[in-house]
Amino acid sequence: MYQPAITGHGVFTPSQSISNDELVVAFNAYADRWNATHSEAIDAGTVDAMAHSSSEFIFNASGIERRYVMDKAGVLDPDRMYPQLPGREDGVPGIMAEMGLDAANKALGMAGLAGTDIDLVICAASNHERAYPAIAIEIQNLLGADGFAFDMNVACSSATFGIQAAADMVRSGSVRRALVICPEICSGHLEWRDRDCHFIFGDVATAVVIQRDEEANGPHFTIQSTSCATKFSNNIRNNHGFLRKAHDQMDDRRDMQFMQNGRKVFKEVLPMVSAHILSHMSDTGWDAGDLRRLWLHQANKTMNDFIGKKVLGRVPEAGEQPNILQDYANTSSAGSIIAFSQNSDDLQVGDRGVICSFGAGYSVGSVLVERA
Ligand code: COA
């Protein structure tokens with residue numbers, strides 16, 4: 001058995017960003033137009049008018065201040081309210097592969113490795129732009145890597161589930177150097193015309209290199225333990241799928257985009273995540289005093305504050321539980337990895353932390369790491 005370690009990490013951040021104010025202006029313009037179009041039904045009381053969104057609500061309810069997107073113009077166009085990302089010819093790299101490759105190259109640079117050193121690529125994301133061939137195999141090809149590659153989807157928990165899969169293979173010796181890549185174009189499955197959720201998501205890509213501890217070229221994090229759990233729930237759901245045409249559901253239906261019962265998610269996922277981290281630490285012989293940092297899934301600031309307090313048994317001190325959601329919003333599987341990538345270099349040898357993601361499924365994954 002080999003000791004697996006995270007030896008490199010990288011983040012691709014899109015060049016375009018949308019502030020809450022910009023988002024709200026576009027949404028409210030859309031709502032006004034919709035209300036004007038449906039004024040007769042609204043006046044007759046058969047249809048509810050669309051209410052305005054507000055930056056104040058968004059910040060207070062979520063902690064989000066802005067989000068990066070691959071196409072700002074399409075999202076902010078009240079006649080469209082959706083990103084415009086032109087389809088690409090089969091012969092050129094797809095957009096998810098391009099984003100993932102950027103993050104992968106940054107992670108490889110940090111690990112001191114080349115693409116040809118990799119023998120496993122996992123593309124772990126909450127959506128994939130096509131059914132097949134796998135995005136991971138496309139990235140493997142662009143990297144010039146041998147070995148094998150596959151896509152996987154556990155929604156917001158995809159990164160930690162992917163890390164567990166890769167770490168287990170490195171541990172057993174079936175692969176030597178793996179990349180777990182999370183390209184997330186959440187703007188493509190968010191319903192920008194629904195004020196309950198239009199502020200939630202952003203786009204990004206992350207990558208981590210996992211290899212044998214003994215082969216690390218610089219400072220790194222050993223993966224001490226991983227733990228994943230799932231429990232079925234319909235409270236976060238997206239019905240878009242390959243049977244859509246067979247179901248005669250090609251119309252513009254709300255349930256073909258991200259849907260959630262936010263309050264229930266909040267109430268049900270919080271205890272699940274806190275208990276998961278605590279029992280994972282206890283099973284590994286760690287206690288709260290061992291933790292120097294929590295890199296949590298980035299959905300909601302209040303949620304993270306609650307989990308941090310529950311796990312540490314006290315209010316986390318500044319920097320112990322870093323959030324990036326104020327700048328990136330919820331980037332699904334990538335969130336905890338952005339937090340890790342941007343807030344881990346200062347840890348000292350022997351310092352311990354937990355990467356934890358959670359979301360649809362429900363699903364929760366935790367990775368216990370130690371600076372080496
Ligand atoms: N602007 C202004 N008001 C808004 C609004 C907006 N954009 N969106 C909703 N509201 C209103 C609602 O209509 C509601 O009004 P009412 O009380 O008159 O009915 C009120 O604000 C509260 O809405 P609610 O949806 O209950 O807000 P919330 O406090 O639960 O916050 C979330 C919403 C989504 C931020 C929160 O539930 C959450 O983060 N949940 C967990 C999300 C999560 O982790 N999801 C995982 C996704 S992968």
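Quick note: residue numbers are just sequence positions, from 1. Everything numeric here is computed off the predicted structure, so don't read it as measured data. Indexing begins at 1, ligand by ligand and atom by atom, following the structure's order.
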Got an N/O contact under 3.5 Å between S54 and ligand 1?
yes
So for G359, does at least one of its heavy atoms come nearer than 4.0 angstrom to any atom of ligand 1?
no
Does the N or O separation between H52 and ligand 1 drop below 3.5 Å for any pair?
no
Among non-hydrogen protein atoms, atom 11 (C) of ligand 1 lies closest to R195 NH2, 3.5 Å
Counting non-hydrogen protein atoms only, what is the nearest one to atom 6 (C) of ligand 1? Give residue, atom name and distance.
F57 CD2, 3.2 Å
With heavy-atom distances below 4.0 Å as the criterion, list the atoms of ligand 1 near C156.
48 (S)
Closest approach of any protein heavy atom to atom 30 (O) of ligand 1, naming residue and atom
R263 NE, 2.8 Å
Under 4.0 Å between heavy atoms, the region of A61 that gets near ligand 1 turns out to be both
Under 3.5 Å, is there a donor on one side chain and an acceptor on the other for N304 and Q321?
no
Please check if the distance between the ring centroids of F201 and H189 is under 6.0 Å.
yes
Please report whether atom 14 (C) of ligand 1 has a protein non-hydrogen atom at a separation of less than 4.0 Å.
no
So is R171 actually on top of Y2's ring, under 6.0 Å and inside 45° of the axis?
no
What protein heavy atom is closest to atom 34 (C) of ligand 1, reported as residue, atom name and distance in Å?
Q260 NE2, 3.5 Å
I need the nearest protein heavy-atom contact for atom 41 (C) of ligand 1: residue, atom name and distance, please.
G262 O, 3.7 Å
